[in-house]
There are 2 protein chains.
Amino acid sequence: MSKTYSISELASEFDVTTRSIRFYEDQELLHPARRGQTRIYSSKDRVRLKLTLRGKRLGLSLAEIRELFELWDETRSGSEKQLHLMLSKITERRAALEQQMKDITMVQLELESAEIRCRQALEELHEKHNDEERAKTPSSAP
Amino acid sequence: MSKTYSISELASEFDVTTRSIRFYEDQELLHPARRGQTRIYSSKDRVRLKLTLRGKRLGLSLAEIRELFELWDETRSGSEKQLHLMLSKITERRAALEQQMKDITMVQLELESAEIRCRQALEELHEKHNDEERAKTPSSAP
DNA sequence: AAACAAGTTGACGTTAACGTAAAGATATCA
DNA sequence: TGATATCTTTACGTTAACGTCAACTTGTTT
């Protein structure tokens, strides 16, 4: 069969705690199988975890991420009304992502200009330093 | 003098509560002036609020946003050590933004394919519907 | 003067997303 | 067989980011 993972394997691979992974299951983001009592994660579960963390990095709440998962799952089985609802949810999300892209671009510009300011301030400090050095030893170049 | 704003003006312009704005001040993200007891916001304060909300949309915590503000402010007055620290912080942030860009691109692709699946499912539903209609009235085209 | 609007400071309540500690099951190794 | 490691559930604690009163001041309108 295809590969499976233990909870601590996934935890160390993605650098999260096992507590978090169990919590995500509690919030119905993951549905691992069980052997006896212990959880067995399929590669599909692994993908879900990866998507979950990606969503978190974008500032989505676990509830929002769960909503997206449910949308994806129900894409196969939904009624017409369901499908239209999904489309509008998808459109909504895509608009939010567009906004985020713009935000990122803006912040990138700001950081860039901050970096330039920083480098200029450093240069000025060094020039001052050199001036003082020249004042001490006012010899011409060797 | 340049324009000033009341707390409720800013609140309605950016669609946040006055409670939030006061909380941001408490976290030292804003430093409005006072006339007697009431807060007077300058256009610089307004920009800060806008930047704060932009940061939030990117998933930054208020503490992180404050850090960025402090970096920006100290760019003028920092010592050499400070300036290097700032540069590394800036670099760090820019890397995070790069990662976010990638994440957004991935999620956009996923949403796109979900949308396609959705539309196909809808088409199939409609074809079925048409088939059933044709079964009821099996006349050829008019 | 009375009443209204807009602002203020506490102070406590709430929710999300875990952290942390306790106590027990299960498997493996020496 | 006992020690060790890895898992489990249960449950209470914590932090961030506000919401929600309550009680008060200050200016404005009638």
Side-chain angles (χ1 to χ4, degrees), chain A residues 3-42 45-46 48-70 93 96 100 103, chain B residues 3-43 45-46 48-70 93 96 100 103 107:
Chain A
K3 193 169 185 204
T4 64
Y5 308 83
S6 79
I7 192 170
S8 50
E9 275 174 343
L10 289 186
S12 74
E13 176 177 357
F14 293 110
D15 197 34
V16 292
T17 65
T18 61
R19 176 69 178 91
S20 295
I21 295 181
R22 292 198 194 94
F23 186 72
Y24 298 157
E25 181 181 351
D26 206 60
Q27 303 301 302
E28 304 190 79
L29 295 174
L30 302 174
H31 308 282
R34 300 269 180 149
R35 190 178 52 198
Q37 213 181 194
T38 86
R39 282 161 248 248
I40 309 280
Y41 296 86
S42 69
D45 291 320
R46 204 189 81 116
R48 284 238 166 174
L49 179 55
K50 187 190 285 190
L51 292 176
T52 299
L53 299 176
R54 182 177 291 157
K56 290 211 65 184
R57 282 199 300 270
L58 296 181
L60 300 197
S61 72
L62 298 184
E64 290 170 318
I65 294 169
R66 180 187 162 182
E67 224 195 41
L68 288 176
F69 283 165
E70 285 173 356
R93 268 278 144 243
Q100 260 190 318
D103 288 335
Chain B
K3 194 172 184 200
T4 65
Y5 308 83
S6 78
I7 192 169
S8 51
E9 275 174 342
L10 289 185
S12 76
E13 175 177 357
F14 292 110
D15 196 35
V16 292
T17 66
T18 61
R19 176 69 177 92
S20 295
I21 295 182
R22 290 198 196 94
F23 185 73
Y24 297 157
E25 181 181 350
D26 206 58
Q27 303 302 302
E28 303 191 79
L29 295 175
L30 302 174
H31 308 283
R34 299 268 180 152
R35 190 176 51 200
Q37 213 182 195
T38 86
R39 281 161 247 248
I40 309 281
Y41 296 87
S42 68
S43 44
D45 291 320
R46 204 190 81 119
R48 284 239 165 174
L49 179 55
K50 186 190 285 190
L51 291 176
T52 298
L53 299 175
R54 182 177 292 157
K56 290 212 63 182
R57 283 198 300 270
L58 295 181
L60 301 197
S61 72
L62 297 185
E64 289 170 319
I65 294 169
R66 180 188 162 182
E67 223 196 43
L68 288 176
F69 283 165
E70 285 173 355
R93 269 278 141 245
Q100 258 189 318
D103 287 335
V107 176

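Throughout, protein chains are lettered first and strands after them, A, B, ... in sequence-line order, and every chain is numbered starting at 1. Both backbone and side-chain heavy atoms feed into the values below; hydrogens, waters and symmetry mates do not. Remember, it's a predicted structure, so these values are computed and weren't measured experimentally.
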In this structure, how many angstroms lie between the [atom2] atom of [N] and the [atom1] atom of [X], rounded?
X: B:E64; N: D:dT15; atom1: CD; atom2: P; result: 17 Å
X: B:D15; N: D:dC18; atom1: CG; atom2: P; result: 13 Å
X: A:I40; N: D:dC7; atom1: CD1; atom2: C1'; result: 11 Å
X: A:R34; N: D:dC7; atom1: CZ; atom2: P; result: 13 Å
X: A:I21; N: D:dT6; atom1: CD1; atom2: P; result: 15 Å
X: A:E25; N: D:dT8; atom1: CD; atom2: P; result: 8 Å
X: A:R66; N: C:dA16; atom1: CZ; atom2: P; result: 12 Å
X: B:L53; N: D:dA17; atom1: CG; atom2: C1'; result: 13 Å

Q: Take A:E28 and A:E70, measure what side-chain contact (heavy atoms from CB on, under 4.5 Å) needs, and give me the verdict at the end.
A: CA-CA 10 Å; A:E28 304 190 79; A:E70 285 173 356; 5.9 Å; no
Q: Check A:L68, A:I21, A:T52 against A:L29 for a side chain to side chain contact (heavy atoms under 4.5 Å, CB included) and give me the one that passes.
A: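 Single pass found, and it is A:T52.
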Q: Would you mind classifying the nucleic acid contact of B:T18 as base, sugar-phosphate or nothing, using non-hydrogen atoms under 4.0 angstrom?
A: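 Touches nothing.
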(Q) Classify B:R35 by what it touches in the nucleic acid, base, sugar-phosphate, or nothing, heavy-atom distance under 4.0 Å. (A) nothing
Q: Using heavy atoms to find the nearest nucleotide of DNA chain C for B:Y41 and A:S61 separately, return the residue whose nucleotide is more 5′.
A: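 Nearer the 5' end of the strand: B:Y41.
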Considering non-hydrogen atoms only, spot the tightest contact between [X] and [Y] and give its length.
X: B:L58; Y: B:Q100; result: O-NE2, 2.9 Å
X: B:Y41; Y: B:S6; result: CD1-C, 4.1 Å
X: A:T17; Y: A:A11; result: C-CB, 4.3 Å

Q | Sugar-phosphate or base contact per nucleotide [nucleotides 19-27 of chain C; S, B, -; heavy atom under 4.0 Å] | A | BB-------
Please state whether the phosphate of [N], meaning OP1 or OP2, lies under 4.0 angstrom from any side-chain nitrogen or oxygen of [X].
X: B:S6; N: C:dG7; answer: yes
X: A:Y24; N: C:dC18; answer: yes
X: A:K56; N: C:dA17; answer: no

Q. Taking the side chain as C-beta and beyond, is there a heavy-atom pair between A:D45 and A:Y24 under 4.5 Å?
A. no
Q) What's the closest nucleotide to the B:L62 side chain, out of D:dA17, D:dT6, C:dT8? A)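 Comparing D:dA17, D:dT6, C:dT8 against the side chain of B:L62, the answer is D:dA17.
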Q) What residue among A:R19, A:R66, A:R34 forms salt bridge (charged side-chain N to carboxylate O under 4.0 Å, His left out) with A:E25? A) A:R34
